[in-house]
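Here the structure comes first, spelled out in structure tokens, and everything after it is commentary.
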Amino acid sequence: MATNTSSLKKKSEQVLDGSDIMELVENQEVFTSFVDHKFKELDKDSDGHLSVKELQPAVADIGAALGLPAQGSSPDSDHIYSEVLNEFTQGKQEKVSKTEFKEVLSDILLGMAAGLKRDPIVILRIDGEDLSEFINGPSYEVEMLSVFSQIVSDDAVLPMRDCIVKALEKLTVDQGMPPSSDSWVTSNIIEPALQLWDGNNQEKPVSQETFLEEFKKVAERVAQNLKEQPVIVAHSENTFDGSGIKRLLSNKFELDKLLNTALENVPKDRNGKVSKEYLRVVLDIDKVIADAFDMINADDGKAVKEDEFKKLLTEILGSVMLQLEGNPISISSNSVVHEPLASSSSLLQPSS
């Protein structure tokens, strides 16, 4: 079921579009004062420079602002934390001056603002009202019968309880349902509703009529639980239409930088050649990219010189761009916010 972003924004509590960050950085007087306070807060020994240890709280705050898990919880996120620290230290400095701190922080914040402007995050308060409207509205039967047919086609012998659980997983914030993949939502919203559901109904034959009837009973209890314990959800929606790749291909400096970085991360034989198979390592493979590989015969297993490898990578990017221009791909994501937004990161909070 497609998500209507414009309707979500009408229901939203807040839209994070980067405008606040941009306003902060572009106001030189305010931003200078902001940096002065942050620098003083971090500079524990008051020597006018920040050591790697003193920079760690700032790096952690930036990670939290980016939505990363805490340091040490994931190799992938730890790599990003390391890259942020390297931005401040240029990979070798032991101490960072206030001027250097200000320049790097400005670049990072402007990058975050640009990302939010391109792909805003909509903060939603899911309180059961929209779910109640959906299950009592005119589209309920049509949409849930479509969901039921998908579940049955996956597995025709599922018991009623499992059908209902799978159906709840297929609902989105547009129908007023927070992500059921979140463990807190499962434990506090869904499981209590299932436990209160009449157990005798679990033995009923799974037909369209009984599914619609029993699902509505559970969904009504879920809506009641959401009314008592509203869930805050961060919703984002990205549309990949090839424009980002087009900008990259038109910027020779950035393209060369990307290609060189890609080459640094793939092994070469003793003649300095690279196997074409590593094109799949550099690019995440999905159907669009797989089709691009077929177009340029990139799966023949041959080893090529670095220049040829770069040329093939550029051709693949161009092919992907054309496919996305003709058939854009939209991907939405929803994450439960388990703490107040203001406390998730102190990066943009005034110092005490």
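Quick caveat, the model's predicted, so the values are computed rather than measured.
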Would you say [X]'s side chain and [Y]'s backbone share a donor-acceptor pair under 3.5 angstrom?
X	Y	value
Thr314	Lys310	yes
Glu54	Asp45	yes
Asp43	Gly48	yes
Asn188	Trp184	yes
Glu308	Lys305	no
Lys102	Thr32	no

| query | Is the cationic atom of Lys216 (NZ for Lys, CZ for Arg) positioned less than 6.0 Å from the six-membered ring centroid of Tyr140 and within 45 degrees of its normal? | reply | yes
Does the side chain of [Y] come within less than 4.5 Å of [X]'s, by heavy atoms?
X	Y	answer
Ile190	Met177	yes
Asp127	Lys227	no
Asn27	Phe34	no

| Residues in side-chain contact (heavy atoms from CB on, under 4.5 Å) contact with Ser139, at least two apart in sequence or another chain | Phe134, Glu143
| message | Once rounded to the nearest 0.5 Å, what's the spacing between atom CG of Leu255 and atom NZ of Lys257? | response | 12.5 Å
| field | Closest non-hydrogen atom pair, Met22 against Leu110 | value | SD-CD2, 3.6 Å
| When you check the side-chain N and O atoms of Gln175 and Thr172, is any donor under 3.5 Å from an acceptor? | yes
| query | Judged by modelled atom types alone, do Gln224 and Glu220 share a side-chain donor-acceptor pair under 3.5 Å? | reply | no
| message | If you count every heavy atom of other residues, nucleotides or ligands that lies below 6.0 Å from Glu94 atom CD, does the total exceed 12? | response | no
| Do other residues, nucleotides or ligands put more than 12 heavy atoms under 6.0 Å from the CG atom of Asp47? | yes
| task | May I ask you to decide whether Glu191 forms a salt bridge with Arg161, counting only side-chain N to carboxylate O separations under 4.0 Å? | result | yes
| message | With side chain to side chain contact (heavy atoms under 4.5 Å, CB included) as the criterion, how do Phe88 and Leu50 come out once you've worked through the C-alpha distance, each side chain's angles and the decisive distance to 0.1 Å? | response | CA-CA 10 Å; Phe88 283 112; Leu50 299 180; over 6 Å; no
| task | Quick one: which residue pairs count as a side-chain hydrogen bond (donor to acceptor under 3.5 Å, both in side chains) with a foot in residues 241-253, not counting sequence neighbours? | result | Asp241-Ser243, Lys252-Asp256
| Summary of salt bridge (Lys or Arg N to Asp or Glu O under 4.0 Å) pairs that have at least one residue in residues 82-91, sequence neighbours excluded | none
